[in-house]
Amino acid sequence: MAAGLSFMGGQYIEPVPFTHLLKTLAPAAAGRFASLCAVCRGWGAQRVCGDCVARFARVVPRCRSCALEVPAGVSVCGDCLRHPPPWEQALAAVDYVHPWDGLLTLFKFHAALDLAPALTQRLFDAQGLDSASHHPGLLLPMPLNPVRLRERGHNQAWELARRLGTLLNCPADAHLLLRPRDTSHQTTLAPSARAANVQGAFAVEPRRLAEVRGRELTLVDDVMTTGASAAEATRVLLEAGAARVQVWVVARTPRPGSD
Ligand SMILES: [Zn+2]
Ligand SMILES: [Zn+2]
């Protein structure tokens, strides 16, 4: 038998060089926080490694009203100047494109809750970099209808909001804003039909109306597409007397036609 080879089950197995073994195992042994990157399969401190964050979570100037990308130096886009959304400010960490679209689908529909810290971190970083962002006040996850919540087993927005609350040291509440009406087929509707579909979808918990009055609130969600749901939820909160509403999402669907 050649030196350096071992014989196992009728096959010669080349021993793994010690240095290679060390390189492979060291990150795992370095601490219980090392994890396999969900994008490149390399080792990182979170489920999306530092290299992939640097590559895919590029910081771009965004409209402070709708969070779509804008040219440098522009703070509010033309569409928002003409038709301002009801919320005061919108914040998005990344565009809803590769790899975030795939990760958010796993997180939302396939209970990949191990992705929650890495996704929350994107939102945390985005608000930290945005000099115009206000303190969020109270974080409110975009609620799920109770039937949908039972089916899915988790509300992805709550998984983000509660972790963000810990990072920002501010409260998060999943029971103040409710979604009594199910509008889950929203994604199958044309953008123009979405606003009508979400009318009446949200309500403030009737016994806690006083907690909304004069309050600064931030809606947290995974993705903003047309913003119809966030707009309706914002209107309900403002009607109940909220002082200010912001909308923070991990990912923003880019403007049609942009890449
Ligand atoms: Zn990676
Ligand atoms: Zn805008």
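We count ligands from 1, going down the list as the structure has it; atoms in each ligand are counted the same way.
At a cut-off of 2.8 Å, measuring from the Zn ion (ligand 1), the protein N, O or S atoms that fall short of it are Cys37 SG, Cys40 SG, Cys49 SG, Cys52 SG, waters left aside.
Remark: the backbone N or O of Ser65 is paired with a side-chain donor or acceptor of Trp87 at under 3.5 angstrom. When atom types are taken as modelled, the side chain of Arg252 and the backbone of Cys66 share a donor-acceptor pair closer than 3.5 angstrom. The backbone N or O of Phe56 sits nowhere less than 3.5 Å from a side-chain atom of His98 that would complete a donor-acceptor pair.
Angle SG(Cys63) to the Zn ion (ligand 2) to SG(Cys80), rounded to 10°: 110°.
Take Arg208 and apply the side-chain contact (heavy atoms from CB on, under 4.5 Å) test, not counting sequence neighbours, and it matches Asp173, His175, Leu176, Glu205, Glu211.
Checked for salt-bridge contact, Glu239 and Arg235 miss the test: no charged N lies under 4.0 Å from a carboxylate O. By the 4.0 Å N-to-carboxylate-O rule, Asp95 lies close enough to Arg62 to be salt-bridged with it.
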